[in-house]
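As structure tokens, the structure follows; a few thoughts come after it.
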Number of protein chains: 2
Amino acid sequence: MATIRELARHCGVSVATVSRVFNTPEVVSRETRQRVEAAAAEIGYLPNESARTLATKKSNMIGLVWDTDHRRSGWRHPFLQEILVALKTALSAQGLHLLLLATGADEPDRHLRAVRRHNLDGVVLIDNGSRDPAVLGLAEAGIPCVALDLPLTGPCCTYVTSDNAGGAGQAADHLVTRGHRRIATITGPARTGPGAERLAGFRAALAAHDVALPPEYVVEGDFYLDSGRAAMHRLLSLGTPPTAVFAAGDEMAIGALQAATAAGRRTPDDIAIVGFDDIELAALIPPGLTTVAQDRTGFGTAAAEALIAMIRAAPEVPAPPPIVLPTTLTARGTA
Amino acid sequence: MATIRELARHCGVSVATVSRVFNTPEVVSRETRQRVEAAAAEIGYLPNESARTLATKKSNMIGLVWDTDHRRSGWRHPFLQEILVALKTALSAQGLHLLLLATGADEPDRHLRAVRRHNLDGVVLIDNGSRDPAVLGLAEAGIPCVALDLPLTGPCCTYVTSDNAGGAGQAADHLVTRGHRRIATITGPARTGPGAERLAGFRAALAAHDVALPPEYVVEGDFYLDSGRAAMHRLLSLGTPPTAVFAAGDEMAIGALQAATAAGRRTPDDIAIVGFDDIELAALIPPGLTTVAQDRTGFGTAAAEALIAMIRAAPEVPAPPPIVLPTTLTARGTA
DNA sequence: CTGAAAGCGCTTACAG
DNA sequence: CTGAAAGCGCTTACAG
């Protein structure tokens, strides 16, 4: 492990000059620069990141706060992997690394402590509870952070989310265009952002088409399979059952599909179904789930861009506005 | 951001003593220790990790090399998320953090460089190509590392894998016990470890039952859905088609199921199917895929344990032997 | 364009 | 059990 001092001696310059070659190359003469660069390659010099961080107070590391606790156990993020890849790709293009923060003890300042100990340049939040004080603490402390699907704002915070209302509207439009008038919905929990937004968007779109949405056509689920099954069961037992259902999540949509099939209804003829998310399963399960696809890669890319912008910007520059990603209706067999 | 010097002054001791309170508390007097601890809490002192790393050459960080490039694009690891959670949990219990290494340019020493720059204590490899020189370079350099599902060995390397042969044997046993004699298999690529091992285990188990495996009953797939579909199509068109099929991966099994259904065969009566992996979909798709489940959490936990053992061990201690996780046959509707 | 020097915040022999 | 001091490998004003 060659150090900067060895490299400097090796080419007869000061350590300051070597440092400049790596940090502000434009400031050193071309001849010196080339000599140092060649020598660096020759002896395999690698700058020590800890020493750099200690001297500059910037670690070139982004913390990833991925809360694996607050959800029902067994919960799997529908596209965590894509987000991670996009994030990693976009950040590493800027020389930033991703540090997975442990969600350890329940101290409300645990994230902030990690940020300070490691001199993290910023934080990305995935799948966090909306009222987690550890998350709010980050925002208040002025740490650059961007949340995914969580409306977190502050002087140095922003978030990225899908156009949940718009996507639900696309679902409604699609069903109306297919001739449906009796359209029900299985919602997510009303207290969740996506749950509430998708219901609102769905309701607004139906209203725009002059299609009524009676109260018994709105049944709340919890985004999991079973709740979709139960909801469909209930809808089918109504005096005037719907001819189409929009489920605010694919897993619920699949549960609904199974319940409909079990009840002897054919999809899409007896009952049409549209989901939300476009999980992997959606394309695989017969007859193919029609669903509203989110921009999976966009989450990671947009988050990285926003974060980098905040990190590079002067402190007084306000945080970028929330980023709302458009959705795409993907028509398959169920509607 | 209080420093160790401020804290030391605050309680009238030397910085050395403060350092000992945090690193070797048993060596300082109880009275001094408590005084320092109280003061630390009071002024919110947090040790600076970069400074510690610089002084000790140990970062308490583990590199995560997760190769997102070598697979077909769109490839998703069947249970990356569970592995990450288990890994994170087990490592953070030891005060270790996980640093996601960027798979940037194609330099064969890119991982090693990252390890050296950041003073990483060890590396976990997920989903890497078997002949990646950057991976072999790590092993040769004597960096403590553990690979997942990749037979990487060395003075300081080990790996964890499922008992692929045993699991395939469980599938064979199950089908024979159900009375099948004409049993085919859809394999993974022969060049992949899991592909080869599952075929070998399957073959051995059938032989143990005196059940023949004619060459036309072995058709190679690529672990993806379409190859399962195509393979089943071929098997059903045989002069003497099988009554049961073991697919070496769930996605292929589901493809096979779809092809059988499309061909008018009923599962499990006309054709039984067993998969491998127990992906989420397996339980959801009717009639429920019978499959060989891997110990998803075990991967992360075992990897963390092995890595920690290597890091803590003296240099001359040999690396732990490969860890082979048992599988579990999960019987559902298809066999 | 370049160098000497101070400083970043810790740890750890070495004395006592 | 505790302290003074050297050292970890860099960066960055400050001079020149």
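Proteins get letters first, then strands, A, B, ... in listed order; numbering begins at 1 in each.
- Test Ile308(B), Ile311(B), Val123(B) against Ile62(B) for side chain to side chain contact (heavy atoms under 4.5 Å, CB included) and you get one pass: Ile311(B).
- Judged purely by distance below 3.5 Å, without hydrogens or angles, the side chains of Ser29(A) and Thr32(A) pair a donor atom with an acceptor atom.
- Residue Thr53(A) comes nearest to Ser50(B) through the heavy atom pair CG2-OG, 3.0 Å, listed as atom of the first residue, atom of the second, then distance.
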Side chain to side chain contact (heavy atoms under 4.5 Å, CB included) between Ile323(A) and Leu325(A), intermediate numbers included: CA-CA 6 Å; Ile323(A) 296 146; Leu325(A) 302 170; 4.1 Å; yes
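- Judged as a side-chain hydrogen bond (donor to acceptor under 3.5 Å, both in side chains), and not counting sequence neighbours, Thr301(A) has no contacts.
- Between Arg52(B) and Arg117(A) the shortest side-chain heavy-atom distance falls below 4.5 Å.
- Applying a 4.0 Å cut-off to non-hydrogen atoms, the residues of residues 15-35 of chain A that approach DNA chain C are Ala16(A), Thr17(A), Arg20(A), Val27(A), Val28(A), Ser29(A), Thr32(A), listed by residue number.
- Although no hydrogens or angles enter the test, the distance criterion places a donor-acceptor pair under 3.5 Å between the side chain of His118(B) and the main chain of Ala114(B).
- Using P as the reference atom, dG9(C) and dA13(C) are 23 Å apart when rounded to the nearest Å.
- Thr297(B) and Glu82(B) share no side-chain donor-acceptor pair at under 3.5 Å.
- Helical stems of DNA chain D (runs of at least 3 Watson-Crick or G-U pairs, donor-acceptor distances under 3.5 Å) are listed by first residue: C:1-3 with D:14-16, C:5-12 with D:5-12, C:14-16 with D:1-3.
- Non-hydrogen atoms lying under 4.0 Å from DNA chain C are contributed by Tyr45(B), Leu46(B), Pro47(B), Asn48(B), Ala51(B), Arg52(B), Leu54(B), Ala55(B), Thr56(B), all within residues 44-58 of chain B.
- Residues Asp132(A) and Arg110(A) are paired through a salt bridge, judged by an N-O separation under 4.0 Å between the basic side chain and the carboxylate.
- Listed by first and then second residue, the ring-ring contact (aromatic ring centres under 6.0 Å, His included) pairs that reach into residues 19-51 of chain A are Phe22(A)-Tyr45(A), sequence neighbours excluded.
- For Ile4(A) against Val15(A), the heavy-atom pair with the smallest separation is CD1-O, 3.6 Å.
- Heavy-atom contacts of chain A under 4.0 Å fall on DNA chain C between two terminal nucleotides, which in 5' to 3' order are dC1(C) to dG9(C).
- Under the 3.5 Å distance criterion, with hydrogens and angles disregarded, a donor-acceptor pair is assigned to the side chains of Thr161(B) and Asp149(B).
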